[in-house]
Amino acid sequence: MRESSAESSSFPLASCVNCGETVLTYVVFDPAGQEQRACVHCDHVVEGVRWAPVNELETLGYEFGAPPSRGCSGGCNGCSMSRH
């Protein structure tokens, strides 16, 4: 059986000083066009990126799989998902 792409992939993590935790990162470019990584939560530029498997992301609170069927489970009652 084939392994799912999430299970065979790795994801960029770094410690974010603004958020105070280990977070997923994404690529941004500085004014000189050099690639940097930023926090997906606050957009702060981070350093020390490492690549981790999906099971490590799940221990950090990230979830994979089908979206919730009713609402986002955040408890705010304002989510547009809960109206579907």
Item to check | Of all pairs that satisfy salt bridge (Lys or Arg N to Asp or Glu O under 4.0 Å), the ones with a partner from residues 49-59, not counting sequence neighbours | outcome: Arg50-Glu56
Checklist entry - Phe11 and Val49: same hydrophobic cluster, using ILVMFWY side-chain contacts below 4.5 Å? => result no
Next on the checklist: side-chain contact (heavy atoms from CB on, under 4.5 Å) for Leu13 and Leu57? Distances and angles first, verdict last.
Outcome noted: CA-CA 9 Å; Leu13 295 176; Leu57 268 63; 4.0 Å; yes
Checklist entry - Taking C-beta and beyond as the side chain, do His41 and Cys16 meet within less than 4.5 Å on heavy atoms? => result no
Checklist entry - What are the two closest non-hydrogen atoms of Val46 and Ser15, and how far apart are they? => result CG1-O, 3.9 Å
Next on the checklist: Ignoring hydrogens, what is the shortest heavy-atom contact between Pro12 and Arg37? Give both atom names and the distance.
Outcome noted: CG-NH1, 3.3 Å
Item to check | Results of side chain to side chain contact (heavy atoms under 4.5 Å, CB included) for Glu21 - residues two or more places apart only | outcome: Cys19, Val23
Checklist entry - When rounded to the nearest 0.5 angstrom, what is the spacing between CG in Leu60 and CG in Asn55? => result 10.0 Å
Item to check | Test side chain to side chain contact (heavy atoms under 4.5 Å, CB included) applied to Glu35 - qualifying residues, sequence neighbours left out | outcome: Val27, Phe29
Item to check | pair Val45-Asp30: side-chain heavy atoms closer than 4.5 Å | outcome: no
Checklist entry - Can you name the side chain to side chain contact (heavy atoms under 4.5 Å, CB included) partners of Val40, sequence neighbours left out? => result Leu24, Tyr26, Tyr62
